[in-house]
There are 2 protein chains.
Amino acid sequence: MPGRRRSYHHGDLRRALLDATLSLAAEFGPAGVTLRQAADRAGVSQTAPYRHFDDKAAMLAAASEEGFRLLHARMTEAARPFAAEPMRRIGAWGRCYVDFAVAHTAHFRLMFGQGSPQKSATEALQAAARDTFQLLFQTVESGARTARLGAADTRELALKIWSLAHGIAVLAIDGQTVFLGVPRERAGGVAEGAVTALLAGYANP
Amino acid sequence: MPGRRRSYHHGDLRRALLDATLSLAAEFGPAGVTLRQAADRAGVSQTAPYRHFDDKAAMLAAASEEGFRLLHARMTEAARPFAAEPMRRIGAWGRCYVDFAVAHTAHFRLMFGQGSPQKSATEALQAAARDTFQLLFQTVESGARTARLGAADTRELALKIWSLAHGIAVLAIDGQTVFLGVPRERAGGVAEGAVTALLAGYANP
DNA sequence: ACCTGAACACCGTTCAAGT
DNA sequence: ACCTGAACACCGTTCAAGT
């Protein structure tokens with residue numbers, strides 16, 4: 001009776017390893033993710049992961065990539081209702097970005113917390129990150145055009161908006177906004193307000 | 001002839017260990033800092049650091065604390081010329097923050113890159129971080145008062161400004177602003193412009 | 001006081017071997 | 001194809017010992 005017996009093969013070890021990576025990152029931070037412990041949680045030996053990932057860095061990169069694809073999907077959803085209102089669309093995107101960081105902290109940390117020399121960035125990871133940012137860039141560009149914003153350089157404006165949302169996200173998940181009276185759950189709303197204000201600062205009166 | 005001979009004691013091992021921590025962080029990122037390698041670079045045995053720090057986390061915390069004190073000093077300097085111009089003072093502070101991150105990347109990474117459970121945060125480290133943020137808060141508060149900004153909550157405005165500068169700093173030192181046409185050296189100027197625009201967005205016309 | 005050396009449990013990675 | 005087990009060099013930390 002095939003399909004019932006405990007197979008010699010795992011089934012979807014790759015998925016199980018990614019799940020273990022995420023849960024370890026959520027518990028101990030990205031630095032606490034261990035190849036051996038991930039394998040242990042997936043119920044295989046220490047060396048089994050090497051069948052699915054070149055090395056530890058590649059496993060972390062795969063989890064990051066997944067995060068970027070998830071964020072990309074969220075951003076697409078969040079922008080849909082505001083196709084005709086560029087300002088609100090960008091504001092909604094800011095809220096979406098921070099909400100994602102708060103809701104998927106492990107993913108978010110893996111995406112951005114790898115330290116400086118992102119030498120081990122997979123091609124696939126780089127592509128996923130690029131896609132995500134390009135979505136923002138397009139949103140800002142079309143928004144700026146429609147709203148006739150006075151910003152000289154659209155790319156620079158996109159960077160500023162990204163930075164604002166990213167900064168709030170980072171500070172929120174580190175709990176550093178709390179003693180300023182802003183709990184995690186409200187961080188997304190703060191981001192929306194801040195992005196809107198920033199855009200207003202560039203809107204010619 | 002005391003003072004000339006190679007002493008049994010190191011002299012200032014603590015300082016040497018912090019320097020080694022910084023140089024290792026600059027080379028390999030915060031995750032690449034190793035107690036054993038720091039000791040080796042300081043020319044002592046693997047266990048000598050335990051005379052000066054409780055554990056590895058304490059050594060990293062000491063380096064972080066030093067970073068916060070350095071940033072605090074820079075911010076104080078940067079604000080001085082603009083005592084009478086609150087807007088420009090806050091803008092100068094944003095530039096100063098990002099310039100610090102670019103110039104002292106190792107310090108900056110150690111200050112903010114420790115992952116989520118900052119369980120090992122020393123009292124001294126927490127105090128240094130608090131002091132630094134309070135300087136920002138005071139600057140924003142007095143600036144907002146003088147300029148009669150329309151922001152309802154000054155603390156929230158301070159958070160937004162911090163986030164904006166922090167976001168640009170993080171993205172700049174990760175090299176993620178470059179393909180947007182903003183090299184590291186120009187990131188400080190972009191931050192100043194962005195902070196100014198954000199404030200303008202809150203200024204009632 | 002300050003530093004050393006051996007020891008322990010852990011880690012990433014490799015390699016020959018098993019099914 | 002996919003997984004195991006032993007092995008190697010590295011890590012943080014402890015502890016008895018040296019000056």
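The model shown is predicted, which means the values in this text are computed figures rather than measured ones.
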>> What verdict does the side chain to side chain contact (heavy atoms under 4.5 Å, CB included) test give for A:Arg14 and A:Phe53, after you've listed the backbone C-alpha separation in whole Å, the side-chain angles of each residue and the deciding distance to 0.1 Å?
In response: CA-CA 8 Å; A:Arg14 193 189 135 92; A:Phe53 303 107; 3.3 Å; yes
> Can we say A:Asp40 and A:Arg36 salt-bridge, meaning some charged N sits less than 4.0 Å from an Asp/Glu carboxylate O?
Replying inline: no
> Using 4.0 Å as the upper bound for N to carboxylate O, is an ion pair formed by A:Arg89 and A:Glu85?
Replying inline: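 Salt bridge flag = no for A:Arg89 with A:Glu85.
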> When you look at A:Trp93 and A:Phe82, which way does the side chain to side chain contact (heavy atoms under 4.5 Å, CB included) test go after all the steps?
Replying inline: CA-CA 10 Å; A:Trp93 178 84; A:Phe82 305 108; over 6 Å; no
>> By nearest atom, which of the nucleotides D:dG12, C:dC3, C:dC11 is closest to the B:Thr34 side chain?
In response: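 Ranking D:dG12, C:dC3, C:dC11 by closest atom to the B:Thr34 side chain puts D:dG12 first.
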Rounded to the nearest angstrom, tell me the gap between atom [atom1] in [X] and atom [atom2] in [N].
| X | N | atom1 | atom2 | value |
| --- | --- | --- | --- | --- |
| A:Leu13 | D:dA1 | CG | P | 17 Å |
| B:His52 | C:dC2 | NE2 | P | 6 Å |
| B:Phe28 | D:dC10 | CZ | P | 13 Å |
| A:Leu60 | C:dC11 | CG | C1' | 14 Å |
| A:Asp40 | C:dG12 | CG | C1' | 16 Å |
| A:Arg14 | D:dC3 | CZ | P | 13 Å |

> How are the rings of B:Phe108 and B:His166 set to each other: parallel, tilted or perpendicular (split at 30° and 60°)?
Replying inline: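 Rings of B:Phe108 and B:His166: tilted, 30 to 60°.
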> In what stems does DNA chain C take part, counting only runs of at least 3 consecutive Watson-Crick or G-U pairs whose two distances fall under 3.5 Å?
Replying inline: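 The stems are C:4-8 with D:12-16, C:12-16 with D:4-8.
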>> For A:Gly94 versus A:Val195, what's the shortest heavy-atom pair and its separation?
In response: CA-CG2, 4.4 Å
> Do A:His72 and A:Phe100 have ring centres separated by under 6.0 Å?
Replying inline: no
Quick test: give all pairs of protein nitrogen or oxygen and nucleotides 13-16 of chain C nitrogen or oxygen below 3.5 Å, distance rounded to 0.1 Å.
from: C:dT13; atom 1: OP2; to: A:Tyr50; atom 2: OH; distance (Å): 3.1
from: C:dT13; atom 1: OP2; to: A:Lys56; atom 2: N; distance (Å): 3.0
from: C:dT13; atom 1: O5'; to: A:Tyr50; atom 2: OH; distance (Å): 3.3

>> Keeping B:Lys160 on the side-chain end and A:Gly193 on the backbone end, is there a donor-acceptor pair under 3.5 Å?
In response: no
